[in-house]
Structure formats: C-alpha cells, structure tokens
Amino acid sequence: MSGEHIKVLLAKKKIDVHGRGSKLIARELRDAGMEVVYFRFGVVAEIAEAALQENADVVAVSVMTSGQLQIARDLIPALKERGMTQVLVIMGGIIPEVDFEPLRALGVHRSFPPGLPGGVVAEYIRENVGKASLV
Amino acid sequence: MEAVTVPAGEVVAGSVLHAGRLITQIENGRPQARPVLRALAPYCGRAQLVGVTGPPGAGKSTLAAALIRHLRGQGRTVGVIAVDPSSPFTGGALLGDRDRMAEAAGGDPGVFIRSVASRGASGGLAAAVNDTVDVMDAMGKDVVLIETVGVGQGEFDIARIAHTVVLVLVPGYGDALQAMKAGITEIADVVAVNKGDAPGADQTAKDLAAQGFERTGPDGAERWKVPVLTVSALRGEGVAELAAAVDEHHAFTGATAWRAAAERARGRSRFTAFVADRLRGELLKAAEETLGDTRPADPYGAAEAYVGALLNAHRTLSADIPGTEQK
Amino acid sequence: MTSLTSAKFEAAKRAWAERRARYAAKLRPARTLSGLPLKTVYTPDDTTASDLAEMPGVYPFTRGLHPDGYALTPWMQQMVFGYGTIEETRRKMEKMVAEGMEGYFGHKVFNTVYDVPCMYGIDADHPEAVGNIGQCGVHMSTGDDYDELIRDWDLETTNFSMITGDNCLPALALLAAAVERRGEPVGKMHGNSMNWYPRIAVQDVPSWEPRWGYALMIDLIRWARANAPDWNPANIFMYGLSEAGATPVQELAYGLAWGKSIIDAGLAAGLEPDDFIGRLSFQIGCTVNVFEEVAKFRAHRRMWARLCKDAGVTKPSGMFARVHVHTSGYVLTQQQLMNNNARITLQTLAAVLGGVQSIHTCSYDEAVGVPTEQSHRTALRTQQILMWESGLRDVADPLGGSYFIEKLTDEMEAAAWEIFDEIEASGGYLRGIETGEVKRNIDNSSYEMKKMINSGDLPIVGVNRYVSQEQENYEPFRIDETIEVKARARLEAYRAKRDQAAVDAAIEDVRRACQNLKDGTGPLMPALVDAARKGVTNGEMMVPMREAFGWYVSE
C-alpha cells in the first residue's frame with residue numbers, strides 16, 4: 001500500500017433532500033488526496049458508529065435544513081463514548097455564522113459557511129488532523 | 001495518526017475501536033500491525049469468506065446490501081470489506097459503498113463495514129485485504145463479504161481470497177460480457193445476473209447457463225458446476241437463492257479437497273506477498289545503504305552477483321521455512 | 001429579411017468588421033452558463049423565418065401563453081413558506097395575504113412547504129425526525145392539522161400547493177378527508193400536488209423503486225381526475241434539477257424528458273391525452289444569467305407544446321407549459337448577504353421577461369437559514385415593484401424579435417433536444433433514474449461549475465471577486481426548538497382520541513391496496529383517503545407504503 005491518506009467520514013442527513021454541497025465537498029476533498037467515505041445517516045449515533053468502523057481521522061457533517069446544534073449535542077458525546085477522542089469534527093452548509101461559536105463550545109472544531117472557494121476546507125483539515133481532541 | 005500497538009485481546013473480544021485502528025495500520029503498512037496479526041492467527045479460520053466481483057456499474061454494493069440483509073435475517077453476523085478505486089492522479093478516493101449498504105446496516109452492531117481505497121497497487125491491496133479479513137474473522141464475524149472494485153486482473157486476486165466468488169454481471173454488456181466469460185471459468189463459483197428488471201437479463205442468464213461452466217479443482221476432486229442465477233438487488237428478488245447457492249458452494253468445497261487446497265494456496269500467496277513486501281521495503285533499502293555513494297561501473301553485473309550471494313545465503317538456511325506445515 | 005439586408009446594412013457590417021478587427025485579439029470569447037458560445041453582436045442574419053412568424057398566445061407559444069401577456073393575467077405571487085406546526089403556518093398565511101400576496105383574480109395562493117420528516121414520511125415521534133421538525137417547512141401529520149389548515153377557507157377561491165416529498169399521496173388523502181369533514185365535496189379543492197417522484201434522479205434520499213414511483217404518480221393523477229377535476233395532480237420539478245447542478249440546457253432537456261415520462265406512463269395506464277396532460281405544470285429555476293434564462297423559458301414553452309401535440313393533445317390550452325419559477329437559491333451567497341437582493345431582482349426580471357405564470361422570490365438571507373419576516377416581505381415586494389413600477393407588464397414578450405434572444409432560444413432548443421433524444425434513445429427518463437445517468441451528468445456539471453468558481457472563471461461577487469473579511473454575524477429566523485415538544489404532544493393527543501381498532505384495520509387496508517397497486521389490480525388512493533378518515537397519520541400511512549415500494553440507492 002502506498003502512503004497514508006487522511007480518511008474523512010462525510011455525513012449528511014438521510015431525509016434531507018439537499019445534496020449538492022455535500023457531493024461537491026466530497027469531490028474536492030478527494031481531489032485534495034483524501035479518502036472520503038460518503039454516508040447518509042438516520043440518527044446521529046450512526047455517524048459515530050461509522051466513524052468508529054472506518055477509523056476516520058475527520059468527521060464532517062453537512063447540514064442544509066437546520067438542526068446543527070442538536071446534531072452537535074448528540075454527536076460529540078457519541079464519539080467520546082466510543083473512544084473516538086482524537087477525531088477532528090467539522091460542520092458545513094447552511095449554518096449561520098452566529099452558530100459557529102456555540103458549535104465550538106459543544107465540541108465541533110470548526111464550522112464552514114456555504115459556497116467557499118475550493119481548498120479552504122481541505123487546507124484546514126490538513127493543518128489540524130491528528131492534533132484535535134474531544135474534551 | 002500515531003500508531004500504537006493495538007491489543008489483540010480487544011480485537012478478539014470484538015472491540016470495533018481497536019479493530020478499526022488495526023485495519024488502518026494494515027492499510028498503511030505499519031510494522032506495529034504484524035505482531036498483532038500473529039496474535040490473532042489462532043482465532044482465525046472460522047469465518048465464511050465471500051467475494052463479490054464484477055464490472056463497475058453491475059450493482060455489486062446493492063447486491064452486497066441485499067445479501068447483508070438476508071444474512072442478518074438468518075442471525076449471522078457480517079463483516080464487509082468494500083474496495084473502491086483511488087484516483088491515479090490525486091491519490092484520493094470517494095468511498096460510496098458504505099452509503100449504499102447503510103440501509104441494510106444502519107446502526108446494526110452485527111454488521112462491520114470497512115471502506116478501503118485501492119491505492120493503486122493491487123498486489124499490496126490483496127495483502128491488506130487478506131489481513132483485514134483476519135481482523136474481522138478474529139472478531140467473530142460469521143461471514144466476511146469482500147466487494148472488489150471490478151477492474152483489472154488484480155481484482156481476481158482479491159476476489160480469490162474468498163471461499164466463494166460471486167461474479168455479478170448485467171445483461172447487455174456486449175463485449176464486456178465476452179471478456180467476462182473468460183473470467184467466469186477462471187474465478188466465478190456463482191454467477192449472478194443482476195437487475196432482473198432490465199430487458200435481456202433472463203436471456204443473458206440463459207445464454208450463460210447454456211455454456212455449462214465448470215470449475216476444475218485440485219486433482220481428483222469433483223468438478224463444480226457454476227450456477228447462473230438471475231437477481232434483482234434493488235427489488236430484493238433472487239437474493240435468498242443466491243445466498244443458498246453461496247452456502248451450497250461453501251459446503252461443497254468444505255466436504256472435498258477444494259477447501260484445503262484453497263487454504264494452502266491462500267497461505268502460500270500471503271507468505272510470498274509478505275516476504276516480497278519486506279524484501280522490497282527493507283532488504284533493498286539495506287542494500288542501497290551498503291552501496292552508499294558508490295556507483296557500480298557495471299550495475300547489471302553487480303546486481304547479478306548480489307542476488308547470487310543472497311540465494312547462496314538462503315540455501316544455508318534450514319531446508320524448512322520456520323512456522324510452515326509440512327505438505 | 002431581404003429588405004433589411006440592404007446595401008446600407010452590408011456597408012455597416014463591413015465597417016463594423018473593420019473596427020472590430022483592431023481589438024478582436026483582446027476579446028475573450030463568452031459562453032452561456034450552459035456552455036453555448038456567444039457572439040459579440042447579433043444581426044438579422046441570425047434569425048430564421050419561423051422566429052418572425054409567431055404571436056403570443058398562439059401555438060407553439062414561444063412568445064407566451066396569453067395573447068396579451070401579463071396585461072390581464074399578471075403572474076401569481078406564490079411565495080413558498082411553512083414552518084413550525086400548523087398554528088405558526090396559519091399565522092404566516094394570514095400575514096402574507098395582508099401583505100398583498102395574491103394569485104389570479106385575487107385568489108389566495110398558499111405555496112406551502114412541508115418539513116423534511118413529513119416529506120420523508122415520519123411522524124414527530126420518530127427518532128430520525130429529531131432536529132428537523134417544523135424547521136424548514138410545516139409539520140402537518142394528523143387530521144387535526146389539516147382541519148386547522150382549511151378552517152375558514154373558501155375552497156373555491158383558495159389555491160393550496162402542497163410541497164410534499166414521498167408523502168404526496170398521504171398528504172392529498174389527509175386534505176380530502178378534512179374537506180369531507182367540513183361537509184363539502186372533495187371536488188371543490190383547488191391546488192396542486194407536486195407528485196414529483198422523478199426528482200429522485202438527482203436527490204440523495206431514499207424513495208420509491210422507480211416503477212412503483214411512477215405507478216404512485218399515475219394513481220394520484222387518476223384519483224384527482226375522478227374526484228377533484230380542478231386539482232393539478234402533478235408538477236415537473238425542473239428546479240430540483242438545476243439546483244442539483246444542471247445547466248440551463250440540461251434543466252430543459254431533462255425536465256422535458258421528465259414530462260415525457262409522465263405522459264408515457266399516463267398513456268400506458270390507459271389515460272387519454274386530453275384527460276391529464278393539460279393539467280401538468282412546471283416549477284423551473286432561474287439564475288441571474290438574464291438572457292439565457294429568458295431564452296430557456298421561451299424554448300421550454302414551444303418544446304413542451306410540441307411534445308404535447310405529438311402525444312395527441314388536441315386543445316391548445318392543453319399544450320400550455322404553465323410555469324412557476326422559483327428563483328435559484330444556489331446563486332445566493334452567505335458572503336455580503338445584502339448583495340443577494342440584486343441577484344433576486346435580476347432573477348425575477350428574467351422570469352418576467354421570460355413570460356412565466358407564477359413566481360417565488362427567494363429571500364436574501366436564505367443562504368444563512370430560514371428567512372425572517374422582514375426579508376420574506378422584501379422578497380415579495382421585489383415582485384410587486386416589478387409588477388407595478390417597472391412597466392414590465394405592459395407589453396407581451398418584449399424581447400421577442402431580438403436577434404440575440406431569438407437565436408439563443410433556437411440554440412438552446414437545439415442543444416436541449418440533443419440531450420433529450422439521447423436519454424429517450426437510452427430508455428427514457430425512468431431508465432435514467434435506474435441507471436443513474438441523469439444524476440451522473442448533472443453531478444458532473446455541478447462540479448465543473450464549482451471548479452470555474454474556484455478558478456475565478458465564473459465570477460461571483462463577494463466569493464471570488466471583491467472579497468471582504470468582515471464578519472456579518474447575521475441572525476437568521478429561529479424556529480424555537482420546543483416546537484418538537486409541541487409537535488409530539490399534538491401527535492400524542494391526536495392518537496389518544498382515535499378508535500385504535502379502526503386505525504389498525506385501515507392500515508391493513510392500505511397494505512392490501514399497496515399490493516393491489518403492485519399487482520395492477522386496484523388503486524391505492526381510496527384506501528389512503530379512507531385511512532385519513534379513520535385518523536391514520538402521515539407517518540403511519542407511509543409505513544406500509546415503504547414496505548411495498550421502498551428503494552434506497554445512490555450511484
């Protein structure tokens with residue numbers, strides 16, 4: 001096997017009809033050399049379980065129809081419970097800037113607005129992967 | 001991405017956290033994984049290994065999802081190794097198989113899905129898949145499904161890790177179908193013509209069945225008649241029959257000389273793959289270091305002499321390779 | 001054209017070519033969003049005789065559906081809304097009416113979006129509904145909810161468009177049962193079922209297996225035809241295609257292929273062309289690319305008219321492409337939020353110049369979340385300013401006869417027919433869902449466009465041009481999260497007062513009717529309406545439906 005690759009679990013809510021942004025970011029991260037597991041979840045525990053099985057370095061959640069705070073409230077403890085304390089957790093999508101700080105307080109390392117020029121998310125991941133901890 | 005040694009006992013006890021980490025070390029060729037894999041060896045050999053291969057777009061993941069649902073219905077636990085291609089340009093990969101299987105597996109602790117990127121070299125991939133199979137086997141999964149990318153001869157190596165190889169085809173592939181016919185006689189134990197709703201599926205299945213494919217096993221063993229089934233993974237039709245055919249093949253090989261021969265072949269290929277990997281990685285590196293800054297005037301001759309010396313050294317080793325069973 | 005191609009014109013062209021040659025090397029060749037090459041100027045040489053032989057209100061309707069354009073029938077202002085439980089949404093409905101939102105003849109038009117749990121078909125107590133109840137649409141699941149919805153409506157003058165997902169049939173059944181409870185005939189209902197199952201071609205949500213998705217669409221169309229003849233039973237959701245990344249030409253091509261697939265399915269089910277085709281309508285997206293969008297709407301009308309005629313429709317009004325425009329939300333940026341008002345104005349301008357029948361204007365803050373009251377009103381006012389201040393309504397098809405617009409209309413039509421023919425040749429739109437062909441092609445366009453934005457080839461102000469580092473900290477509209485508690489309480493109270501035995505029996509009837517629909521031996525809608533009468537909820541109806549027709553795939 002050649003080289004080590006950053007593994008990203010990219011999760012999007014199953015019942016959410018919007019998918020353009022999550023698919024675009026999946027392709028961008030792939031083109032940045034990462035291994036991206038695209039995954040639609042029903043309940044938040046499924047994200048944590050998938051992250052565990054995949055031993056993901058990064059859990060990225062795409063949110064288009066609200067509920068970001070609730071997802072964070074459920075996701076961070078679910079990851080910690082399973083011993084995934086080193087994983088980098090990011091969110092993106094239709095999330096207002098004013099939620100970024102509350103999300104950070106809940107344990108989400110970084111949130112991104114929609115429509116960012118390419119490369120921003122990949123760069124952030126590359127710089128921060130392996131350094132994060134969930135406390 | 002530090003790599004600590006994973007406790008083997010945790011893996012055997014079914015810890016997904018530790019198994020997940022160990023598989024990452026395997027994928028990355030980390031030496032820490034080696035002693036753990038050796039410690040897992042006594043717990044391996046119980047799982048039924050099923051390969052799912054076929055051309056891209058044949059519906060392998062959807063069929064695998066249907067199989068998972070069926071197996072879970074029978075109360076069997078399932079491990080899945082789903083291989084997707086890496087981009088040759090960026091090295092990145094989009095791994096979508098988990099998503100296609102999620103509906104079958106979502107939140108079920110009896111299913112462990114691991115997405116694996118092919119990362120170019122299929123030889124290395126085969127070794128990693130072999131080791132990953134061991135991890136899931138040691139965890140106690142009843143069945144391990146290996147879903148391949150579906151392109152290239154290297155795919156066949158990966159599919160052949162399994163006890164039973166299911167070749168998934170779609171009707172109307174034309175030339176591709178002709179090409180796959182060669183593959184059928186080579187590797188397929190069971191053929192599934194997928195998308196039973198598409199026009200021509202029944203005809204394709206009939207045409208294939210009429211060929212009467214047989215696989216020849218080890219000397220003196222009974223031949224295996226390759227069954228050709230029609231399935232619709234999307235509609236869940238024909239899945240029970242497919243699962244039954246897979247089990248029947250598994251029982252057949254277990255009751256004949258097939259299984260032992262296959263296990264021996266698998267063991268030998270793992271040995272050579274592992275040795276090749278270390279020789280390439282470590283012996284060559286040592287040789288290069290010995291060369292230092294010097295430049296051999298006759299590179300070809302120097303290489304010949306070096307390999308000759310190595311072979312001599314090998315002959316002085318004991319006739320048996322330690323840790324292997326006698327034939 | 002011969003009169004125009006006079007010696008004087010030829011001389012002008014020569015002089016133009018000479019002047020242009022001096023700086024031709026500096027000109028960057030322009031393209032439309034769909035990739036069609038543009039010239040720097042268009043002349044009579046670009047028009048064809050057929051471009052000049054058309055009038056508004058006459059087949060093939062390139063220049064509009066009505067002879068007088070908007071003079072007598074201005075476009076309908078159909079703002080999409082819906083949030084919280086029915087109480088919050090009712091309040092919003094009344095507010096919008098007070099703000100002057102109206103349809104034809106002053107009728108009330110409520111273009112109401114359901115929340116994603118309802119669309120998917122799960123009730124408020126389902127674990128997967130957490131975080132999404134009443135958030136981006138109204139949560140309506142019980143008979144009580146629908147009774148409250150229509151409480152004081154005049155059914156003759158109230159038009160209700162239900163933006164549903166897979167719950168399309170259950171929602172209509174619940175509405176019909178509520179109308180019955182008021183003692184009025186179901187035939188008085190006015191409005192629209194979206195019935196846009198084929199959106200699954202581009203959307204990553206679990207839905208129905210394609211053949212059953214189509215069977216369900218036709219089942220609703222049949223039921224409406226027999227029971228509620230004024231009800232519009234199906235819409236073609238081209239907006240979903242363009243928001244997923246389709247270029248305007250792809251949106252046209254796949255949208256028409258979608259329409260054709262409904263026509264084919266209806267005819268195969270034994271419906272007559274004049275029975276149902278004229279009741280189909282469209283929802284189309286609109287970007288800020290003004291001329292391309294105008295040309296798209298013009299080409300769309302005549303392409304649809306031709307498809308209808310070929311299918312055997314005889315009444316000219318049955319060939320109308322009745323279009324509701326939803327201004328593209330994808331073009332809105334979270335960066336420098338107020339800039340979106342300029343975009344929305346341009347989008348609305350393009351839709352009006354394109355001659356569409358109904359418009360929803362996005363609010364400038366939809367890039368951040370659900371619109372506030374203030375931003376939603378501004379969006380409505382944008383339409384009203386165009387309607388009353390701009391003079392845009394006075395002349396039908398004011399761009400008709402423009403060398404450029406006529407040429408672009410022709411070129412978009414030709415490019416769209418090419419893709420249309422391709423998908424028809426490979427088995428049609430339904431097959432394109434199964435093979436993932438539609439999704440693949442549209443996803444690729446989406447990625448190409450993103451790469452052009454990343455490289456700056458496609459300028460977006462505030463994103464890759466004139467970027468500002470300032471934080472905006474815009475506070476969007478918040479839907480109280482306690483709405484979930486309220487919705488669950490309503491559901492529980494509703495369930496407690498039902499005759500549970502009757503409910504269970506009705507669900508069993510639905511299960512049997514699902515099997516009948518699969519076997520081709522009977523309809524499903526009547527069993528759903530009966531279940532609604534007995535108190536079965538949206539989510540409960542969907543359980544046997546998902547068992548019978550469910551499908552989950554992504555290519």
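Below, chains carry the letters A, B, ... as their sequence lines are ordered, and counting in each starts from 1.
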Atom of C/V205, atom of A/R40 and distance for their closest heavy-atom approach: N-NH1, 3.6 Å

Region of A/I71 that comes under 4.5 Å of a non-hydrogen atom in chain C: neither

Interface moiety of C/L332 toward chain A, non-hydrogen atoms closer than 4.5 Å: neither

A/R20 CZ to C/S242 OG distance, which is reported to the nearest 0.5 Å: 8.0 Å

Best-contacting candidate, A/P113, A/G42, A/G21, A/G67, against chain C by heavy atom pairs under 4.5 angstrom: A/G42

Gap separating the CG atom of C/D365 from the CD1 atom of A/I94, nearest 0.5 angstrom: 10.5 Å

Top of C/A367, C/P127, C/A129 for chain A proximity - count of heavy-atom pairs under 4.5 angstrom: C/A367

Closest contact, heavy atoms only, C/V202 versus A/K23: O-NZ, 3.6 Å

Atom group of C/Y447 that falls short of 4.5 Å from chain A, counting heavy atoms: both

Which atom of A/G115 lies closest to which atom of C/Q335, heavy atoms considered: O-NE2, 3.8 Å

Portion of A/I15 that has a non-hydrogen atom of chain C nearer than 4.5 angstrom: both

Stepwise side chain to side chain donor-acceptor pair (under 3.5 Å) check, A/E28 with C/N454: CA-CA 11 Å; A/E28 285 195 356; C/N454 290 350; 3.0 Å; yes

Per-residue contact mode, C/V467 against chain A (heavy atom under 4.5 angstrom): neither

Modelled atom types, side-chain donor and acceptor of A/Y38 and C/D204, under 3.5 Å: yes

C/T333, part contacting chain A, at a heavy-atom distance under 4.5 Å: neither

Distance, nearest 0.5 Å, that separates OH of C/Y120 from NZ of A/K13: 11.0 Å

Spacing of NZ belonging to C/K451 relative to CZ belonging to A/R27, to within rounding of 0.5 Å: 8.0 Å

Contact listing (chain C partner; residues 96-109 of chain A; heavy atom under 4.5 Å): A/P96, A/E97, A/V98, A/D99

Proximity breakdown for C/N464 and chain A, heavy-atom pairs closer than 4.5 Å: neither

Distance in Å, A/L69 CG paired with C/R478 CZ, rounded so as to fall on 0.5 Å steps: 6.5 Å

Heavy-atom check, side chain of A/T65 versus side chain of C/Q135, under 4.5 Å: no

Interchain contact, C/Q471 with chain A, by part (heavy-atom threshold 4.5 Å): both

Contacting region of C/E481 [heavy-atom separation from chain A under 4.5 Å]: side chain

Nearest-0.5 Å distance, OG of residue A/S66 to CZ of residue C/F477: 11.0 Å

